[in-house]
Number of protein chains: 2
Amino acid sequence: MAATLKDVALAAGVSIKTVSNVINDYEHIRAETKQRVMEAISELGYSPNLSARSLRSGRTGVIGLAVPELSLSYFAELADSIIKAAERRGLKVLIEQTGGDRDHELDILSSPRLQMTDGLLFSPLGMSNEDAHHLNVNFPLVLLGERIFGGPTDHVTMSNVESARAATAHLLSKGRRRIAVVGGHRGEVIGSAGLRLRGYQLALEEAGIPFDPDLVAYTTLWHRANGATSMRELLASGVEFDAMFGMNDTLALGAMRVLQEAGRTIPDDVAVIGFDDLDEGRYSLPTLSTIDPGRDEIADTAVRILQERISGREGDVPPREFETRFQVIERESSALRE
Amino acid sequence: MAATLKDVALAAGVSIKTVSNVINDYEHIRAETKQRVMEAISELGYSPNLSARSLRSGRTGVIGLAVPELSLSYFAELADSIIKAAERRGLKVLIEQTGGDRDHELDILSSPRLQMTDGLLFSPLGMSNEDAHHLNVNFPLVLLGERIFGGPTDHVTMSNVESARAATAHLLSKGRRRIAVVGGHRGEVIGSAGLRLRGYQLALEEAGIPFDPDLVAYTTLWHRANGATSMRELLASGVEFDAMFGMNDTLALGAMRVLQEAGRTIPDDVAVIGFDDLDEGRYSLPTLSTIDPGRDEIADTAVRILQERISGREGDVPPREFETRFQVIERESSALRE
DNA sequence: CGCCCATCCTACAACGTTGTAGACTCGCCT
DNA sequence: AGGCGAGTCTACAACGTTGTAGGATGGGCG
């Protein structure tokens, strides 16, 4: 059906290798020959068979991206950034959803299906630091996220502790002293929840405010529903607070909704800040203060170093850690006179 | 590096074709031989080279999905559903972002890069009905969305007219008579905006209410910002209305936010309904009434018929149109005594 | 004049897989 | 006994591409 090098070669009266050379911009070709080949190519509508090319070269030009779910806005926006970054580097992205499930994640690391790709950007949620050794795979892998640190691969992550500290400090700077936290994971030390909670505690410590465990609401997932439920629990518990730090924007928005239902005014009664800088927070009522974790920078760095590993130039460079710059974004939900 | 059939064959003391047969579950193999091969396979950690396989078979097991942007929640949730539907059928999904740009869209239809896939799910935004002939491509293609009707390919779409009519009828049933519309596209007949506006008009007609052009706010894109801007314009224009139909949830949420800023109570002053059933609308304040367009059904149907076309069993079946079932979902933003 | 080198092109093999054709062994039927 | 079909396995070619080795031509230089 589709034209091959052979067809073009026949039409142009040259060998297939010459056609291949034309396509690959080989230098030493007579202008006239080149022209003739080009004409044959466009006449036959030839375009190279990528499977064959990749069989020969060992490269597919495709990278895999494994995330929990695209319906979680954070990962949708991350995927968006990554696809754009990959496009700038001539790569395509194949997306795999793990559902945040550990078994599914481990599956992907060992699955042969992934061989249609040159490397993998991997953002686990179910795996924990003890699973780090599973990252020892024989294909290029760049780890994203906050579940595993010190693993055997390159790792790109946001500055969780620092930025959570800045978020908390921001609320403190508004005169708030009783800051609730929504989204903790019980017992977690490493992982977004653990790290961000640590940042929160550090900020309190700096301000000389004792940590009150009753102010922390724990959730399993970080969906809107969990934010809502957590906030209901906090309110029911009767604990007092004048601010809230949502471990991500989605949680914060879910919680904010419940706060308002309960008649609390934001930011006057409760000042709120989230984390992730989702587009959604720009149009909520009130607009949501947040941490911009530098998503584009994460995407760009991740794709760049994955490509470096794929090209093999860095063969024996030891695993590297990258932390991106963050920024506190003040919007209405925390806009109080300082 | 990686083991090949040859290595396995050598280790098991059989021909490579026998190994291939074992892998492909060929019937007539002695149990003992099979066992020996299996052992060699797991010992060497062999897994088939998909590029070679796809060169031989002409299939990659990957389908493409071209959408405007994943950061638009609707497309993120659509992609989520499609990836899941594809997984159920043993397919992987490669995602391409067009930015809703016509040139980029046309590019994809002619691009050789797509040859790493067996077929394409294509959701254009920039192309219009006059571009329909560009869909005449030599690879399996299933069209999604509302930009092009009657094109040369299979098409899966939601019931735009019917569901917009139902949405409008819902507001009418709440006693509302002046229903503003946010998200019109000037002059558009075909396309989500055109069709949904038509549904709106049909509902009015049925209720014997004259159509007032001043109630329609036009936008270019359907982002939150556009919903917000449109609503500001409507308010500034001084036109009176007691309800609003947002052509999608994102617009509705952006507009709702402005309405509330302006001191209007929802749903008492203005009843609101959107379109898409985004997760976000479940946790907004107030929660957003909407149309569930049957996203999972769209995804499932689209992947199914694409796979049918890929398998070629339907060689000469003419292009088919599929319309999914929709549902009106009433939430707080339109919850009035009837 | 003869040699060498650059230019331009070609033949062939190889990447790892699967389809095709066929070899060989049995047991069973005629 | 001979033939036939089913079961088991193998050799070979082919998918479309690119790397390698090398052939042919012509110009420059000793």
Side-chain angles (χ1 to χ4, degrees), chain A residues 1-38 40-41 44-62 112-118 138-139 311-312, chain B residues 1-38 40-41 44-62 112-118 138-139 311-312:
Chain A
M1 193 70 218
T4 71
L5 280 185
K6 209 166 139 189
D7 303 324
V8 177
L10 207 66
V14 296
S15 78
I16 61 170
K17 182 67 222 219
T18 299
V19 181
S20 168
N21 283 339
V22 169
I23 290 168
N24 294 291
D25 280 327
Y26 181 65
E27 273 184 296
H28 303 303
I29 305 178
R30 256 188 307 157
E32 192 221 345
T33 310
K34 185 163 177 172
Q35 162 117 23
R36 211 144 31 94
V37 170
M38 295 292 245
I41 286 179
L44 295 173
Y46 167 81
S47 77
N49 178 312
L50 298 191
S51 296
R53 185 175 272 182
S54 103
L55 171 59
R56 225 8 279 234
S57 68
R59 297 278 161 72
T60 63
V62 177
R113 312 184 192 181
L114 270 221
Q115 300 203 332
M116 205 62 148
T117 61
D118 296 338
N138 59 358
F139 51 86
S311 76
Chain B
M1 191 72 215
T4 71
L5 281 185
K6 208 165 140 188
D7 303 325
V8 177
L10 207 66
V14 295
S15 77
I16 61 169
K17 182 66 220 213
T18 298
V19 181
S20 168
N21 284 338
V22 169
I23 290 167
N24 294 290
D25 278 328
Y26 181 66
E27 272 184 300
H28 303 304
I29 304 177
R30 256 189 307 159
E32 191 222 345
T33 311
K34 185 164 177 172
Q35 162 117 21
R36 211 145 29 95
V37 171
M38 296 293 246
I41 286 179
L44 294 174
Y46 168 80
S47 76
N49 178 313
L50 298 190
S51 296
R53 184 175 273 183
S54 102
L55 171 60
R56 224 13 270 236
S57 67
R59 297 280 160 71
T60 61
V62 177
R113 311 187 194 177
L114 270 219
Q115 299 203 334
M116 205 63 149
T117 62
D118 296 338
N138 60 359
F139 52 84
S311 76

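By convention in this document, chain letters (A, B, ...) are assigned in the order of the sequence lines, proteins followed by strands, and residues within each chain are numbered from 1. As a basis for the values below, the full set of heavy atoms in this structure was taken, side chains included, without hydrogen atoms, waters or symmetry mates.
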Atom NZ of B:K17 and atom P of C:dC24 are separated, to the nearest Å, by 20 Å
When rounded to whole Å, the CG to P distance for the pair B:L10 and D:dA11 reads 12 Å
Check: B:S51 main-chain N/O paired with B:N49 side-chain donor or acceptor under 3.5 Å: yes
What is the distance, rounded to the nearest whole Å, between atom CZ of A:R30 and atom C1' of C:dA6? 15 Å
Does a side-chain N or O from A:S51 land closer than 4.0 Å to OP1 or OP2 of D:dT17, or not? no
B:I29 CD1 to D:dT10 P, in whole Å, measures 10 Å
Nucleotide of D:dT10, C:dG16, C:dT10 approaching A:S15 most closely (side-chain heavy atoms): C:dT10
Side chain of B:Y26 only, heavy atoms from C-beta on: which candidate in D:dC9, D:dG7, D:dT18 is closest? D:dC9
So, under a plain 3.5 Å distance rule, would you say the side chain of B:K6 forms a donor-acceptor pair with the base of C:dG16? no
Would you indicate which nucleotide in D:dC9, D:dT18, C:dT10 comes nearest to any side-chain atom of A:I16? D:dT18
Out of curiosity, A:I41 CD1 to A:L44 CG, how far, rounded to the nearest 0.5 Å? 9.0 Å
Evaluate B:M116 against A:T60 for side-chain contact (heavy atoms from CB on, under 4.5 Å), listing each step before the verdict. CA-CA 8 Å; B:M116 205 63 149; A:T60 63; 3.4 Å; yes
So, OP1 or OP2 of D:dT10: does either fall under 4.0 Å of a side-chain N or O from B:T18? yes
Rounded to the Å, how far apart are B:R53 CZ and D:dT17 P? 21 Å
B:I29/B:V37 under side-chain contact (heavy atoms from CB on, under 4.5 Å): CA gap, chis, key distance, verdict: CA-CA 11 Å; B:I29 304 177; B:V37 171; over 6 Å; no
In terms of side-chain heavy atoms of A:T4, which of C:dG16, C:dT18, D:dG16 is nearest? D:dG16
Taking every heavy atom of A:A40 against every heavy atom of A:A11, the minimum-distance pair comes out as CB-CB, 4.0 Å
Of the listed nucleotides (C:dG16, D:dT17, D:dT10), which one gets closest to any side-chain atom of A:A52? D:dT17
Euclidean distance, atom CG of residue B:N24 to atom P of C:dG19 [Å, nearest integer]: 7 Å
d(CG, B:D7; P, C:dC15) in whole Å: 11 Å
Supply the atom-to-atom distance B:I16 CD1 to B:D7 CG, rounded to the nearest 0.5 angstrom. 10.5 Å
Mind calculating the distance between CD (A:E32) and P (C:dT7) to the nearest angstrom? 19 Å
Specify the angle, to 10°, made by the local axes at the two ends of the helix from C:dC1-D:dG30 to C:dT30-D:dA1 when five pairs are taken at each end. 60°
Nearest-0.5 Å distance, CG of residue B:D118 to OG of residue B:S54: 8.0 Å
Comparing nearest nucleotides in DNA chain C, the 5'-proximal residue of the pair A:V19, B:L55 is A:V19
NZ-CG distance between B:K17 and B:L5, expressed to the nearest 0.5 angstrom: 9.5 Å
Nearest to the side chain of B:S20 - C:dT18, C:dT17, D:dT17? C:dT18
